[in-house]
Amino acid sequence: LSQIIERAKQNRYINSTIARRVGKIKIFGDTAAHSYRITIRPEDVEPMIDLLRLTIEDLSLKKTRQKSESQKTIEIRKKKR
């Protein structure tokens, strides 16, 4: 996952803030799923839910902006014809 995140940053699909968030979420999820010595409590999960929601919204807005910009480019090209 870290290689995919790094490639996405290099290709400017995501910014460094989103990359850090995804990394934190992954580490938390891996720890919760695979560590038998640690007990995850509800108060541990709640901040991760907020972080995940913010990350998803950020990615969704970025995708929406990209679609909007692509649509504007298409409209400009049509007007030039």
Run the side-chain donor-acceptor check on residues 35-51: report pairs under 3.5 Å with partners two or more places apart or on a different chain.
from : atom 1 : to  : atom 2 : distance (Å)
R41  : NE     : E43 : OE2    : 3.0
D44  : OD2    : R41 : N      : 2.9

(message) Taking I25 as the starting point, is it possible to reach V22 by hopping between hydrophobic residues whose side chains are less than 4.5 Å apart?
(response) no
(request) Look up atom CD in E57 and atom CZ in R53, then write down how far apart they are to the nearest 0.5 Å. (result) 4.5 Å
(message) Apply side chain to side chain contact (heavy atoms under 4.5 Å, CB included) to residues L52 and R21 and explain how you reach the verdict.
(response) CA-CA 8 Å; L52 182 59; R21 288 179 189 165; over 6 Å; no
(request) Quick one: pull up CG in L54 and CD1 in I18 and give me the separation to the nearest 0.5 Å. (result) 10.5 Å
(message) With a 4.5 Å cut-off on side-chain heavy atoms, are D30 and I27 touching?
(response) no
(message) To the nearest 0.5 Å, what is the distance between CG on D58 and OG1 on T17?
(response) 8.0 Å
Under 3.5 Å, side-chain donor or acceptor atoms of residues 4-11 against the rest of the protein: list the pairs with distances, not counting sequence neighbours.
from : atom 1 : to : atom 2 : distance (Å)
N11  : ND2    : R7 : O      : 3.3

